[in-house]
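The structure appears below as structure tokens.
In the text below, chain A, chain B and the rest are named by the order of the sequence lines, each starting its count at 1. Basis for what follows: all heavy atoms, side chains included, without hydrogens, waters or symmetry-related copies.
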Amino acid sequence: DVKVTQSSRYLVKRTGEKVFLECVQDMDHENMFWYRQDPGLGLRLIYFSYDVKMKEKGDIPEGYSVSREKKERFSLILESASTNQTSMYLCASSTGGSVNTEAFFGQGTRLTVV
Amino acid sequence: AQKITQTQPGMFVQEKEAVTLDCTYDTSDPSYGLFWYKQPSSGEMIFLIYQGSYDQQNATEGRYSLNFQKARKSANLVISASQLGDSAMYFCAMIPMDSSYKLIFGSGTRLLVRP
């Protein structure tokens, strides 16, 4: 059974903290994605990685960074958490190099910054 | 710019009736893939159906079909014989080839099926 696992389902952090959201996939997928989901805005792409150590900015990268040191793991980093980063964060993975590949999603991390 | 637009924030449908969820897309790439995902209240994202830009026929998967009108750049999802379990958020998404195969989503439509 294919799996994308996010390290936490719920997180509460303080303003100014450095926050790490971890995502691991066991499907040997090239592509990995981080999205944030807010009501009325859908899923907005934060960062995307198409290979180890390769990354591209999505639509809303400000305030975030990512790390992909190993193929199976893609980390989202909030350098200094702010209240406007309170959101649901979804990680996804897919095979690379094609327009017809289904993405597989983690269960989501609901982050609250207080 | 590549973009997905879903203009219906919410929809109601009576159980056992058909419903159409709208999706329009914008890309200049001749090769792209279009997807629909379902997100129930539990939060998981479920892949429903795929349509390729070069596919001649509309995609179908059980009760789901995709009404693909390439000239209008629309990819509407049709759900036939709605069931109570179809109540969920529905997202249209696209992978354009010229974007490093990034997966782009629309804002979603919340569907409520009435008994």
Side-chain angles (χ1 to χ4, degrees), chain A residues 1-6 8-10 23 25 27 29-51 54-61 66 74 87-111, chain B residues 1-10 21 23-25 27 29-55 59 61 66 68 75 88-110:
Chain A
D1 201 17
V2 296
K3 218 160 185 179
V4 179
T5 304
Q6 295 182 228
S8 303
R9 193 72 193 262
Y10 300 95
C23 177
Q25 50 98 0
M27 295 164 281
H29 283 164
E30 291 81 11
N31 295 341
M32 295 189 76
F33 308 84
W34 274 108
Y35 297 91
R36 67 176 278 177
Q37 182 177 3
D38 300 288
L41 298 176
L43 276 71
R44 292 181 292 166
L45 183 64
I46 305 171
Y47 267 99
F48 159 58
S49 170
Y50 52 90
D51 202 349
M54 306 304 286
K55 62 187 179 186
E56 279 197 21
K57 292 180 180 179
D59 297 321
I60 52 164
V66 290
F74 191 36
S87 187
M88 171 69 86
Y89 290 87
L90 288 169
C91 174
S93 72
S94 68
T95 55
S98 175
V99 299
N100 67 353
T101 57
E102 171 192 350
F104 295 86
F105 285 81
Q107 77 276 30
T109 297
R110 186 164 293 283
L111 172 67
Chain B
Q2 293 128 357
K3 191 177 177 182
I4 293 279
T5 302
Q6 294 180 255
T7 57
Q8 306 155 312
L21 306 184
C23 172
T24 57
Y25 59 91
T27 181
D29 196 318
S31 178
Y32 50 89
L34 296 160
F35 303 78
W36 278 92
Y37 287 84
K38 173 184 178 181
Q39 187 182 46
S41 56
S42 54
E44 78 263 36
M45 293 287 282
I46 302 167
F47 165 74
L48 294 178
I49 196 167
Y50 164 80
Q51 178 85 42
S53 59
Y54 292 118
D55 293 343
E61 289 285 348
L66 200 152
F68 180 46
M89 283 291 291
Y90 289 82
F91 292 99
C92 182
M94 173 174 66
I95 298 178
M97 190 178 74
D98 68 354
S99 70
S100 303
Y101 302 99
K102 275 189 288 193
L103 177 61
I104 304 162
F105 283 86
S107 56
T109 296
R110 182 172 296 282

Task: Nearest atoms (heavy-atom pairs only) where B:Lys102 meets A:Phe33 - done: CA-CE2, 4.1 Å

Open item on the list: Report, in residue-number order, which members of residues 36-45 of chain B are under 4.5 Å from chain A by heavy-atom distance.
Closed with: B:Tyr37, B:Gln39, B:Ser42, B:Met45

TODO: Nearest 0.5 Å please: distance from the CG atom of A:Leu45 over to the CD1 atom of B:Ile104.
DONE: 8.0 Å

TODO: List in chain and number order the residues that pass ring pair (Phe, Tyr, Trp, His ring centres under 6.0 Å) with A:Tyr47, two or more places apart in sequence or in another chain; answer none if no residue qualifies.
DONE: none

- [ ] Please check if atom CZ in A:Arg44 has more than 12 non-hydrogen atoms from other residues, nucleotides or ligands closer than 6.0 Å.
- [x] yes

Open item on the list: Tell me the closest heavy-atom pair linking B:Ile95 and A:Thr101, and the distance in Å.
Closed with: CD1-O, 3.8 Å

Open item on the list: To the nearest 0.5 Å, what is the distance between CZ on B:Phe47 and CZ on A:Phe104?
Closed with: 8.5 Å

Open item on the list: Once rounded to the nearest 0.5 Å, what's the spacing between atom CG of B:Leu103 and atom CG of A:Leu43?
Closed with: 8.5 Å

TODO: Taking ring pair (Phe, Tyr, Trp, His ring centres under 6.0 Å) as the test, write out the residues that go with B:Tyr50, two or more places apart.
DONE: B:Phe35

Task: Part of A:Leu41 within contact of chain B (heavy atom distance under 4.5 Å) - done: backbone

- [ ] Could you list the residues that satisfy side chain to side chain donor-acceptor pair (under 3.5 Å) with A:Ser98, not counting sequence neighbours?
- [x] A:Asn100

Task: Smallest separation among heavy atoms of A:Gly40 and B:Ser107, with atom names - done: O-CB, 3.6 Å

